[in-house]
Student: 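What follows is a single structure, and I will ask about it in a moment.
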Amino acid sequence: MSMNYAFGFSLFLLVLVGLNIYFFYTLNTKAIKPSTFNVPSLKLDLTTSVFKDIYEYLNYLPSQYRVKNQKFIPIQKNLLSSFHTNSTTDSKRIWEEAETWSSEESLFPHKNGASGQILRAIQSSQIALVDNAPKGTQLKLLLVLEGNKKLYFKPKRYQLEHVINGNIYAGFDRHNSEVFAYYLAMVLNYKWIPPSTIRRIHIDKDIIPSATLGLRKTMIKNESGSLCIYGKCLYCKMNETICPDKNGEIEGAAILYLNKQFRTHKSPWRRSYTHKKMEWEIDNDFCKKVSGSLSTKRLLNLIDVAIFDFLIQNGDRHRYEVYKDQIVLLDNGKGLGNPLVDELDILAPLYQCCIVSSSTWQNLELLSGGSLSETIKLLSAFQGSKLATEDHYKAVERRLMKIYATVQYCIGKYGSAKVFKNGEY
Ligand SMILES: *[C@@H]1O[C@H](CO)[C@@H](O)[C@H](O)[C@H]1NC(C)=O
Ligand SMILES: *[C@@H]1O[C@H](CO)[C@@H](O)[C@H](O)[C@H]1NC(C)=O
């Protein structure tokens, strides 16, 4: 009798669970229809339930997150004016201003057209010396400009349409990701990032006359007689060269070199780069362990960086540099790999700690309804570059919704009083 009863009850439970799963899927697919959210296939591990919860919030996201926020209009206007320069810029003056700039709010001057002037100077200053920049895993050059300003030059490896498959850190750096990241950071009001823009340098006019001996030694003629560079770096190979295009030019991201002392730290949420799982991947209480050894300020800063990295899908920030107690966003070339993939675990610092700085949240709320990608397009247009395909812009908007949903998930779990942190720590 009681066995029968237990059996019946188990059956009932089983049906209940089945129905739950069924409804979860139908809810997802129904609410998803107009947009393009892909629910990740359910894997049986600890993060599954968190992801599931976040996706539930995504499907019931308040409608304000799907439309433009009117409060952003004046802010966008200011941003545009900081990048819009019509004057033929006197590079010397803007370099001087950048050199002497000292602020707790930003790495560089950015008001009244200063951002645009710096980018213009990066793009057009005469090159005095070209060398390999051997630090790091990827081919990059060091350009010394007249007046002794230095740039890193990360050459273009892929067409904008190229999709990187494989793991989150696969492939070469994407030069457009570096530049996209700069604009993204500026739109998010995150001012701790070196200015970066697309620049084209000519093999015969810019490189050969100014190349160091060291650089010349890492150049070879390819089979059609073009001079190509294989460079000097951890992963540099003689068969993986950079060659000029039919105009003799090499395109790349020109990134202002920061002549500053950084402190480097390992990211608590770094990946293992093997099949081994890191602690944060198996322990959803991981944040408790971390918060014991990091200040709230640093933790909030790491969460800001996670949000930023999630938007471009950079899963390669295994370490980070700090200047004036702020994380500086260096090395952003591993973004924009695959516009169809959103690795939610890049947001682990956010959904595991469930805190976010109030000002970050306010900025994110301003950017709803397409303003984020629109502004990046408008700003980059001043420098005349296309930085990403439409698919990538769509992906960034879709990921912004997932960030909103993750914060809603946190609010649902702990209440907004616990989630939003002011600068009172
Ligand atoms: C270059 O050679 C290495 C082996 O030394 C190989 O693994 C790699 O796939 C080659 N790259 C290209 C683009 O052929
Ligand atoms: C050599 O480089 C030129 C210039 O980039 C390119 O057009 C050509 O296809 C290359 N040839 C070979 C065999 O790789």
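Hydrogens, waters and symmetry mates are skipped; everything else that's a heavy atom, side chains included, is used. Whatever order the structure lists them in is the order used to number ligands and atoms, beginning at 1. For clarity, every value in this text was computed on a predicted model and none was experimentally measured.
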Student: With atoms numbered from 1 as shown, which atoms in ligand 2 lie under 4.0 angstrom from a non-hydrogen atom of P244?
Tutor: 4 (C), 5 (O)
Student: Please test Q352 against N284 for side-chain hydrogen bond (donor to acceptor under 3.5 Å, both in side chains), starting from the C-alpha separation and ending with a verdict.
Tutor: CA-CA 6 Å; Q352 291 185 340; N284 266 336; 3.3 Å; yes
Student: Which pairs of donor and acceptor atoms, one on a side chain in residues 246-259, lie under 3.5 Å apart (sequence neighbours left out)?
Tutor:
| residue | atom | partner | partner atom | Å |
| --- | --- | --- | --- | --- |
| E249 | OE1 | R200 | NH1 | 2.9 |
| E251 | OE1 | R200 | NH2 | 2.8 |
| E251 | OE2 | H175 | NE2 | 2.8 |

Student: Going by heavy atoms in the side chains, are Y323 and L107 under 4.5 Å from each other?
Tutor: yes
Student: Do any N/O atoms on N222 end up under 3.5 angstrom from N/O atoms on ligand 2?
Tutor: yes
Student: Which of the numbered atoms in ligand 2 are below 4.0 angstrom from a heavy atom of S224?
Tutor: 1 (C), 8 (C), 10 (C), 11 (N), 12 (C), 13 (C)
Student: Distance under 6.0 Å and angle within 45° of the ring axis: does K402 meet both against F310?
Tutor: no
Student: Cation-pi check for Y169 against K334: NZ or CZ below 6.0 Å from the six-membered ring centre and within 45 degrees of the axis, yes or no?
Tutor: no
Student: Report the residue from K140, K154, R319 that forms a salt bridge (Lys or Arg N to Asp or Glu O under 4.0 Å) with D331.
Tutor: K154
Student: Quick check on contacts: which atoms of ligand 2 are under 4.0 angstrom from a heavy atom of C243?
Tutor: 2 (O), 5 (O)
Student: Side chains of N132 and L141, heavy atoms from C-beta outward: is any pair under 4.5 Å?
Tutor: yes
Student: S226 heavy atoms, cut-off 4.0 Å: which ligand 2 atoms fall inside?
Tutor: 1 (C), 2 (O), 3 (C), 4 (C)
Student: Indicate yes or no: at least one non-hydrogen side-chain atom of M219 is less than 4.5 angstrom from one of I208.
Tutor: yes
Student: Non-hydrogen atoms closer than 4.0 Å to ligand 1: which protein residues do they belong to? List them by chain and number, please.
Tutor: K237, N239, E240
Student: Are any of the N/O atoms on E223, whether in the backbone or the side chain, positioned under 3.5 angstrom from an N/O atom of ligand 2?
Tutor: no
Student: When the ring planes of W361 and Y65 are compared, do they come out parallel, tilted or perpendicular, using 30° and 60° as the limits?
Tutor: tilted
